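Input: a single structure, listed below in structure tokens.
In this text, all values refer to a predicted model and were calculated from it rather than measured experimentally. Chain letters run A, B, ... following the sequence lines, proteins first and then strands; every chain starts at 1.
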Amino acid sequence: MNITLPGGRAVVGQVGIPAGELLAREMPDRARSFLAALLDGRPVDLATPLTADAELAPLTFADRAGRDILEHSAAHLVAKALVATIPEARPTHGPPTEEGFFYDFEVRPLVPADLDAMRTAMDRSIQAREPFVRREISRAEANELFASNPHKLRYIAETPEGEPISVYYTGAFVDLCRGPHVPDTGWLAGIHVLGFSGLERDAGSEGPSLQRVRGVAFPTRAELEAYLKLRAEAEARDHRVIGAKQELFLFLDETPGFPFWLPKGMVLVRELETYVREHLRRAGYSEVRTPLLFPQSVYETSGHWEMYREDMFVSELEGRTFGWKPMNCPGSMLIFRSRARSYRELPLRLAEFAPLHRYEASGTLHGLTRVRELVQDDAHLFLMEDQIDAELAVLLDWIREAFTTFRLEWSYELSTRPARFLGEVATWEKAEATLERALRASGVPYRIAAGEGGFYAPKIDIHVRDSLGRPWQTGTIQLDYQMPQRFGLQYQGPDGQLHTPVVVHRTILGTWERFLGVFIEHCAGRFPPWLAPVQVRVLPVSDRHAEAARGLRDELASTGLRAEVASPEESLPKRVRAAELDRIPYTLVLGDREAEQGTVAVRIRGSKENRTMSRPEFTGYALDRVRRREYDP
RNA sequence: GCCACUGUAGCUCAGUCGGCAGAGCGGCUGAUUCGUAAUCAGCAGGUCGGGGGUUCAAGUCCCUCCAGUGGCUCCA
């Protein structure tokens with residue numbers, strides 16, 4: 001029997017030798033990291049006997065498939081532990097996910113004490129290094145074995161005739177499973193249960209609700225510890241925590257989902273607006289402001305009433321029904337329609353930064369990243385068909401520039417026609433193809449999110465990851481053939497005929513709220529100097545320098561820098577510490593030495609050294625970095 | 001909206017079996033006049049998320065509403 005190993009090396013194996021044994025024999029140095037194998041490209045247990053000529057490769061945690069196997073094996077262990085804790089629990093399924101695994105159970109609602117019991121049971125199993133043992137059984141045997149678990153019976157029934165039905169034993173616990181698995185539970189020392197939650201029940205289904213237990217798994221305890229440390233770090237830079245500490249924004253019980261922007265947070269918003277407006281000016285946009293409320297009839301025209309009403313705030317006034325706008329598009333459409341339009345006006349680019357209201361379900365609210373009142377850096381581009389490609393190219397270019405400025409890594413998702421949509425399928429497909437062409441032309445990688453488009457248009461969504469790798473959706477580019485039609489928009493073309501324009505709805509940063517939520521976490525509250533609410537803090541060494549410090553502050557303020565004085569009621573070291581904790585980019589110490597020489601001692605955030613500069617030298621340095629929007633102080 | 005959990009001073013949290021509401025930080029006042037990540041002392045600050053109930057007695061037990069957290073669903 002000839003077995004081909006990775007790299008094309010062919011070895012001879014005795015028929016019946018387990019895959020793991022052969023791999024260990026041929027690659028003894030690495031054998032300890034092998035948790036499963038690929039047999040002719042199919043993942044299998046290491047215990048699988050080799051019976052014919054084949055290609056064989058080891059799988060480790062470094063392989064995506066290997067990682068999935070470890071995580072799925074961890075899910076089995078969770079199931080074993082939960083059933084040991086609550087015997088009447090009925091396991092359903094437990095797949096690996098992007099960040100770990102889960103296992104869903106039909107069981108009474110779990111409580112934290114259940115997790116403690118499960119952890120104990122899991123530890124015991126891990127200590128015992130219980131092997132995962134595969135058995136293939138008949139359909140009848142399977143039906144008998146899982147007679148008390150309707151979910152497993154359903155999976156058995158769904159298994160195509162002719163496909164083997166396999167079960168895996170872990171000690172006394174048995175689960176219906178295709179496998180493969182790690183050799184034994186000793187591999188699961190790096191398992192950690194993150195938590196549990198109830199699942200939304202499918203409409204119409206009865207009986208106890210499902211409970212999901214989520215976890216992560218690593219090959220070693222040490223890797224788990226590293227992961228947990230990263231998570232703890234992520235919690236420390238939670239924008240909700242930083243926002244409170246730095247007094248950027250506020251949420252009150254009385255107004256769930258409605259952020260209060262505090263003075264310092266408002267500086268961030270204004271700086272972002274200024275940044276975006278600079279682009280608007282260069283790229284030929286005009287800014288408008290349209291009403292916050294429109295009568296129902298306008299939303300009937302736009303399609304919102306049919307497709308988006310659930311998410312809208314609605315007011316009844318004098319017997320008429322008004323909706324608070326959830327998007328800016330209707331207003332822009334009405335402006336376009338307000339008079340005859342010529343092709344010479346196109347592209348017409350209307351930007352609007354108006355507060356939008358969306359009645360997001362209470363359970364989905366989350367700090368700044370999911371709110372009920374938000375402001376987008378929104379614009380609508382009214383285009384002729386042959387202007388679309390060029391505009392899309394400009395937008396993708398602009399996105400690259402913006403996200404580079406913020407040092408955010410971004411990726412694109414092409415979201416296609418959803419189940420509920422307006423208009424004709426053919427138009428949708430044309431729009432989707434146009435967006436895809438633009439993405440290809442820009443040369444950036446993208447993913448297709450089938451069925452994730454808006455109800456009126458397919459879109460390119462911009463996803464950013466913060467520095468800890470968590471993904472967020474921010475900007476969006478939507479190519480819309482529906483709304484112009486529904487609003488009856490027309491322009492007179494060079495041919496003298498009336499045509500319907502195409503509209504691109506687009507945001508770059510998305511919303512100030514979500515963008516700042518993400519960016520606060522990305523920079524961990526250490527804002528680039530141009531964004532920092534306080535750019536310079538002046539620390540007089542003692543009372544006799546307070547006057548000079550105030551003078552310096554005024555001097556800095558007159559150049560446009562945001563500066564403040566920390567008066568010497570506290571010790572200098574304490575004020576230095578506070579400035580560092582407040583993430584102030586530039587801390588200037590002013591004492592006798594500096595007063596005499598007309599200099600300042602400059603401490604740059606994150607650096608313990610300080611540099612003596614003349615006042616004009618510092619001002620020039622700081623202003624230059626602010627003006628260039630440098631990321632670091 | 002659904003499931004679970006949580007809610008004590010501005011913030012982070014302690015509060016045992018139901019028996020007098022606490023600490024640190026922050027704030028204020030005073031002393032100190034300070035040279036690059038915490039000087040010292042004192043003081044103020046609470047409807048224990050709201051309402052209802054059980055009890056001689058509720059921060060603590062029960063019900064309910066509100067808000068938050070983690071998921072589900074949804075989404076910028």
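- Side-chain N/O atoms of A:Q473 include none lying less than 4.0 angstrom from OP1 or OP2 on B:C75.
- A cation-pi arrangement is absent between A:R372 and A:F258, since the terminal nitrogen or guanidinium carbon is not both under 6.0 Å from the aromatic centre and inside a 45° cone about the axis.
- In this structure, B:U12 and B:A23 make a Watson-Crick or G-U wobble pair, each of the two defining distances being under 3.5 angstrom.
- Between A:Y299 atom OH and A:W305 atom CH2 the span is 8.5 Å, to the nearest 0.5 Å.
- Taking the six-membered ring for Trp and thresholds of 30 and 60 degrees, A:W398 and A:Y285 have ring planes more than 60 degrees apart, a perpendicular arrangement.
- Using P as the reference atom, B:C40 and B:U33 are 15 Å apart when rounded to the nearest Å.
- Only the C1' atoms considered, B:G46 is 15 Å distant from B:A14, to the nearest whole Å.
- Taking a pair to require two hydrogen-bonding distances under 3.5 Å in either a Watson-Crick or a G-U wobble arrangement, B:C17 remains unpaired.
- Base pairing of B:G7 is made with B:C66, judged by Watson-Crick or G-U wobble geometry with both donor-acceptor distances under 3.5 Å.
- A:L365 has its CG atom 8 Å from the P atom of B:U69, to the nearest Å.
- Rounded to an integer number of Å, the gap from CD1 of A:I477 to C1' of B:A76 is 14 Å.
- If you check B:U32 for Watson-Crick or wobble pairing at under 3.5 angstrom, you find it has no partner at all.
- The separation of B:C65 from B:G26, taken at their C1' atoms, amounts to 32 Å, rounded to a whole angstrom.
- Note that A:R417 lies in the cation-pi zone of A:F421, set by a 6.0 Å cut-off to the ring centre and a 45° limit from the axis.
- In this structure, A:Q211 reaches the sugar-phosphate backbone alone: every heavy-atom distance under 4.0 Å involves primed, P, OP1 or OP2 atoms, never a base.
- Comparing the P positions of B:U29 and B:G68 gives a spacing of 35 Å, expressed to the nearest Å.
- Using a 4.0 Å heavy-atom criterion, one finds that A:L374 contacts the bases of the nucleic acid, with or without backbone contacts as well.
- With a cut-off of 3.5 Å on both pairing distances, B:U60 has no Watson-Crick or G-U wobble partner at all.
- Look at the P atom in both B:C11 and B:U73: the space between them is 33 Å, to the nearest Å.
- Taking a 6.0 Å sphere around CD of A:E247, one finds it holds 12 or fewer heavy atoms contributed by other residues, nucleotides or ligands.
- Listed for the A:T92 side chain is a donor-acceptor partner under 3.5 Å among the backbone atoms of A:D104.
- Comparing the P positions of B:A9 and B:U60 gives an interatomic distance of 14 Å, to the nearest angstrom.
- As the counterpart of B:G1, B:C72 is assigned, both hydrogen-bonding distances of the Watson-Crick or G-U wobble pattern falling under 3.5 Å.
- The main-chain N or O of A:T290 is found under 3.5 Å from a side-chain atom of A:K325 such that the two form a donor-acceptor pair.
- Residues from residues 82-101 of chain A placing a heavy atom under 4.0 Å of any atom in RNA chain B do not occur.
- Listed for the A:D582 side chain is no donor-acceptor partner under 3.5 Å among the backbone atoms of A:I584.
- Distance, A:F258 CZ to B:A67 P: 11 Å, rounded to whole Å.
- Side-chain N/O atoms of A:T476 and A:D461 include a donor and acceptor closer than 3.5 Å.
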Protein-proximity profile, nucleotides 32-39 of chain B, B/S/- by nucleotide at the 4.0 Å heavy-atom cutoff, equals -BBBBBBB
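- Along RNA chain B, the nucleotide nearest to A:L368 and the one nearest to A:P256 differ in position, and the one closer to the 5' end is contacted by A:P256.
- Close to B:G10, at under 4.0 Å from its OP1 or OP2, lies no side-chain N or O of A:K245.
- Within the nucleic acid shown, A:R240 comes within 4.0 Å of sugar-phosphate atoms alone, with no base atom in reach, counting heavy atoms only.
- Counting distance only, with no hydrogens placed and no angle test, the side-chain atoms of A:R514 and the base atoms of B:C75 include a donor-acceptor pair under 3.5 Å.
- Here the side chain of A:A361 is nearest to one of B:G70, B:A76, B:G1, namely B:G1.
- In terms of modelled atom types and a separation under 3.5 Å, the side chain of A:T507 and the main chain of A:L509 share no donor-acceptor contact.
- No hydrogens or angles were tested; on distance alone, a donor-acceptor pair under 3.5 Å links the side chain of A:R370 to the base of B:C74.
- In this structure, CD of A:E513 is placed 19 Å from P of B:C75, rounded to the nearest angstrom.
- Between the P atom of B:C11 and the CG atom of A:D582 lies a distance of 17 Å, rounded to the nearest Å.
- Straight-line distance from the CG atom of A:L194 to the P atom of B:C72: 12 Å, rounded to whole Å.
- Remark: the separation of the P atoms in B:G49 and B:U12 is 14 Å, to the nearest Å.
- To the nearest angstrom, P of B:G71 lies 8 Å from NE2 of A:H366.
- Comparing the C1' positions of B:U39 and B:C20 gives a spacing of 35 Å, expressed to the nearest Å.
- Residue A:S362 is in base contact, counting any heavy-atom pair closer than 4.0 Å across all strands shown.
- Residue A:H463 contributes atom NE2, which lies 12 Å from atom P of B:C75 at whole-angstrom precision.
- Remark: A:R270 is not positioned above the aromatic ring of A:Y275, lacking an NZ or CZ atom under 6.0 angstrom from the ring centre and at most 45 degrees off the axis.
- Projected onto RNA chain B by closest heavy-atom contact, A:Y308 and A:Y359 fall at different nucleotides, the more 5' of which corresponds to A:Y359.
- Closest to the side chain of A:D253, out of B:A67, B:C72, B:A76, is B:A67.
- The ring of A:H239 has its center no closer than 6.0 angstrom to the ring center of A:F519.
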